[in-house]
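First the proteins, then the strands, lettered A, B, ... as listed; each starts at 1. Note that the coordinates shown come from a computational prediction; the quantities given were computed from them, not determined experimentally.
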Amino acid sequence: MNRIRRALLAALVFAIARPLAALAAWNKEAFSAKTPGEALKSLGIGDAAPAKDLHIEAPEIAENGAVVPIEISSAIPGTTALIVLLEKNPFPLTARFDFKEGALPFVKLNVKMAETADVRVLAEAGGKYYFAKQEIKITVGGCGG
Amino acid sequence: MRRLALLSAVLAFPAMADPTPADVQGIMQRDFHPRGQATMDRVVQDGLQRVCTETRDRPPADVAKALEADQLKTIVYPEGSLMGDWKRGEAIAQSGRGLTWNDKPGDPAGGSCYNCHELSPKELSHGTIGPSLRGFGKTRGTGPEVQRYVYGKIYNAKAYNACSQMPRLGASGTLTAAQIKDLVALLLDPASPVNE
Amino acid sequence: MAAGPMKMRASLGTGFTDVRVLMTHPMETGLRKDADGKVVPQHFIQNLTVKLNGKTVLDAQISQAVSRNPVFSFRLKGGAKGDKIEVSWLDNHGESAAIETVVA
Amino acid sequence: MKALAFGAALALSCAAYGQDVAKEIQRYRQMVAEGSPAELFELEGEELWKKPQGPKSVSLQRCDLGEGPGVLKAAYAHLPRYFKDADRVMDLEARLVHCMVTQQGRSREDAIARLFGTADRPSELELLSIYIAGQSRGVRLEPGMSHPKEKASYELGRALYFHRVGAWDFACASCHGDEGKRIRMQELPVLYKPQYARPVMASWPAYRISTSQVITLQWRMNDCYRQMRTPEPDFGSETTVALIHFLNATAHGAPYQGPGNKR
């Protein structure tokens with residue numbers, strides 16, 4: 001198995017330890033926060049205004065908390081970051097995307113949710129913050145055992 | 001000419017009859033192996049399974065009646081009240097464990113109730129293979145007759161409907177008498193969420 | 001599990017380029033127990049970088065709450081045949097991987 | 001008063017539940033399918049197909065899956081089928097084991113030592129299955145139905161589908177017998193009817209979202225029997241192959257669209 005993986009790695013992937021190490025910034029404090037409020041504080045975010053131009057596309061019911069697809073996009077001019085918080089997870093802050101010139105403020109990803117909860121998305125634009133929310137219900141599926 | 005071709009096609013496979021339940025059982029005895037608590041005696045059909053297989057779950061009325069009478073005799077009622085604790089009953093209804101080859105023998109089993117039935121309105125994830133049991137006790141009360149019926153139905157569903165798809169949860173050794181009593185309470189107790 | 005293969009697909013839309021990237025990674029939360037009841041240590045991707053023709057266009061920080069074998073879709077402004085897109089990740093064990101593709 | 005309002009809200013949400021739930025779950029599945037990592041496993045399966053293994057140190061690239069030695073295109077869509085060299089009907093997995101034994105010189109014990117993998121490490125057969133099935137995309141399902149043993153396999157599969165057995169008296173049809181039923185939130189396809197069998201059978205093997213695992217039809221048969229509370233069926237046995245044969249033959253004509261995604 002390892003040999004195959006290595007072969008595949010050689011074919012598809014090249015090691016890039018050098019450039020990545022330089023930008024390996026990961027906000028440990030914010031990602032370790034146990035409530036959405038603490039996480040936002042660690043990110044230096046105070047007030048956020050509700051925004052209609054910030055879109056969350058997600059199913060209202062997910063059959064499985066291990067894979068919950070979420071698509072987020074912002075039509076707020078000058079959006080430079082999108083932040084995803086899963087309000088009832090043990091560590092709510094789930095992702096922060098910083099968009100530079102050349103990328104549109106759009107991301108689709110799959111997340112894990114411990115239970116039915118709100119997904120809160122924040123957008124940063126021109127130094128101000130905006131938010132949108134959606135509840136996603138998590139159900140039990142299939143046969144027991 | 002076409003008829004001739006058809007005839008020869010039929011003649012080419014003279015032994016092509018559908019396998020009987022006995023044939024199938026023989027093949028399963030060859031192709032299966034015991035694992036954990038799932039022993040080989042489980043691929044041997046009892047009379048009821050055989051009749052239901054042969055009739056595609058629609059036995060003639062008199063046969064069904066005889067089978068049901070037979071199954072009724074398997075039900076063992078405990079002494080005293082048949083109403084247990086609906087809260088424990090809810091947990092049993094939720095659990096789908098028990099009797100599979102990777103369940104540990106001796107571990108408490110569940111009734112798999114929500115797999116097929118709607119019970120408490122709080123549980124949105126319920127199956128629809130069996131009828132909804134929401135509000136079951138509201139119209140039927142908690143009298144000894146209805147307790148006896150519910151206990152018996154869970155213990156051996158085939159005593160009331162010979163080829164029911166519901167397992168014989170007591171007769172198969174899946175649930176204990178105390179567990180079945182808890183399920184009776186889940187269905188009948190006015191305080192149970194089923195009767196909200 | 002070591003880093004496995006990645007796969008990326010870039011397709012031209014109207015006014016943007018759709019990028020979809022798959023990566024093999026366990027994304028262990030550190031809360032899960034294995035069959036023997038032992039806690040599986042945290043192991044998850046923390047940083048994700050998207051470059052277009054050598055220039056970083058997207059920096060992401062993610063948590064262990066991203067699903068196993070992550071799949072991300074991004075959109076890049078404009079885009080043309082021949083554009084080179086590179087996606088790389090770094091996890092909390094210091095392992096990293098990258099993949100690049102040319103818009104066709 | 002507050003409790004009353006809550007109760008009313010709950011009743012309302014439950015009333016609205018039936019109609020909206022199916023739609024939302026459908027949307028959930030659609031979104032999950034768009035983000036499936038199944039392709040990653042096809043890559044790994046391809047490596048295994050080409051990797052020399054066993055005492056003879058040869059790859060499986062000369063394995064005849066029914067379309068000729070090494071031909072992968074359409075092979076999966078035409079299985080199970082009768083193989084003269086083995087004088088029996090085989091599905092993909094039984095055939096792969098046959099090739100591992102006859103061509104790579106491996107013992108059957110070695111070939112089937114690790115049938116079902118984990119999320120961390122899918123099994124060899126799972127990865128091979130997902131790769132080979134992917135080479136049938138767009139090809140109509142057409143398992144063998146001309147040889148007498150193929151007909152017998154199909155008939156046995158159908159009989160097994162309705163055969164009530166095990167500690168809980170189940171047949172396949174106990175769950176997959178009536179239209180519009182579900183187990184928990186999972187809809188149950190009535191697999192002996194073509195319109196239900198087609199979309200289902202055209203998407204196996206698959207990536208299972210709840211366990212992040214690659215799953216195959218042999219796994220599916222095995223785990224259904226586990227939940228039917230029977231003993232365990234032998235891997236690639238006449239029984240499991242016959243059921244797969246019956247299901248794929250019922251789905252006859254469906255263009256293969258997998259590997260798919262399962263809950």
Side-chain angles (χ1 to χ4, degrees), chain B residues 12-13 15-21 23-25 27-28 30-46 48-50 52-53 56-57 96 98-103 112 114-116 121-122 124-129 157-158 163-169 172-174 196, chain D residues 7 10-11 13-15 17-18 21 25 146-149 151-171 173-178 180-188 222-223 225-242:
Chain B
F13 313 115
M16 203 49 70
D18 284 0
T20 65
D23 297 338
V24 172
Q25 179 166 307
I27 291 165
M28 288 181 83
R30 184 197 65 197
D31 283 356
F32 283 58
H33 56 267
R35 182 169 165 187
Q37 60 177 301
T39 45
M40 284 303 286
D41 55 302
R42 291 193 190 177
V43 300
V44 179
Q45 287 185 312
D46 70 1
L48 181 124
Q49 290 175 337
R50 178 59 56 87
C52 294
T53 300
R56 280 276 187 99
D57 298 335
L99 258 53
T100 73
W101 66 62
N102 60 357
D103 286 312
S112 292
Y114 280 105
N115 281 357
C116 300
K122 292 193 183 81
L124 298 179
S125 179
H126 63 79
T128 59
I129 298 168
K158 270 78 171 180
C163 294
S164 164
Q165 303 303 332
M166 181 166 156
R168 294 172 271 188
L169 292 164
S172 63
T174 307
E196 258 174 29
Chain D
L10 192 72
S13 74
C14 290
Y17 184 64
V21 162
I25 297 253
S146 51
H147 191 277
K149 288 204 172 174
K151 292 184 183 186
S153 171
Y154 168 87
E155 295 298 345
L156 173 62
R158 187 168 62 181
L160 282 159
Y161 193 88
F162 296 102
H163 189 82
R164 299 195 65 171
V165 70
W168 280 11
D169 315 319
F170 287 159
S174 294
C175 288
H176 300 276
D178 285 318
K181 302 285 187 192
R182 44 168 233 253
I183 191 158
R184 289 279 186 168
M185 291 307 295
Q186 185 72 28
E187 284 129 38
L188 293 160
N222 180 280
D223 206 58
Y225 275 118
R226 181 182 67 81
Q227 302 202 57
M228 288 164 74
R229 274 79 181 169
T230 70
E232 186 173 39
D234 295 346
F235 182 84
S237 62
E238 197 181 312
T239 298
T240 53
V241 171

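Panel note: side chain D:Thr230, backbone D:Tyr225; a donor-acceptor pair is recorded below 3.5 Å. The backbone N or O of D:His176 sits less than 3.5 Å from a side-chain atom of D:Tyr161, completing a donor-acceptor pair. Counting only distance, with no hydrogens or angles, the side chain of D:Arg184 and the backbone of B:Ser125 share a donor-acceptor pair below 3.5 Å.
Side-chain contact between B:Arg42 and D:Arg229: present, with at least one pair of heavy atoms (C-beta onward) separated by less than 4.5 Å.
With chain B as partner, the option from D:Val165, D:Asp169, D:Leu160, D:Leu156 having the largest number of non-hydrogen pairs under 4.5 angstrom is D:Asp169. Ranked by heavy-atom pairs under 4.5 Å with chain B, the list D:Gly177, D:Ala173, D:Pro231 is led by D:Pro231. Options B:Leu169, B:Thr39, B:Asp31 differ in how many heavy-atom pairs under 4.5 Å they form with chain D, and the most are formed by B:Asp31. When each of B:Met166, B:Gln165, B:Lys158 is checked for heavy-atom pairs under 4.5 Å with chain D, B:Gln165 comes out on top. Taking B:Ile27, B:Asp46, B:Val44 one by one and counting their heavy-atom pairs under 4.5 Å with chain D, the maximum is reached by B:Ile27. Of all the listed residues (B:His33, B:Gln45, B:Arg35), the one sharing the greatest number of non-hydrogen pairs under 4.5 Å with chain D is B:His33. Highest contact tally toward chain D, considering only B:Thr174, B:Leu99, B:Ile129, is held by B:Ile129 [criterion: heavy-atom pairs under 4.5 Å].
Interface residue B:Arg56: only side-chain heavy atoms are found under 4.5 Å from chain D. Neither the backbone nor the side chain of B:Thr20 comes within less than 4.5 Å of any heavy atom of chain D. Interface remark: B:Gln49 contributes backbone and side-chain atoms alike to the contact with chain D (heavy atom separation under 4.5 Å). In this structure, chain D has a heavy atom under 4.5 Å from the backbone of B:Pro34, while its side chain stays farther away. Heavy-atom distances place no part of B:Asp23 under 4.5 Å from chain D, backbone and side chain included. With a 4.5 angstrom heavy-atom cutoff, B:Arg50 does not touch chain D via any of its atoms.
Using a 4.0 Å cut-off between charged nitrogen and carboxylate oxygen, D:Asp223 and D:Arg226 count as a salt-bridge pair.
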(message) Walk me through whether B:Arg30 and D:Glu238 qualify under salt bridge (charged side-chain N to carboxylate O under 4.0 Å, His left out).
(response) CA-CA 9 Å; B:Arg30 184 197 65 197; D:Glu238 197 181 312; 2.9 Å; yes
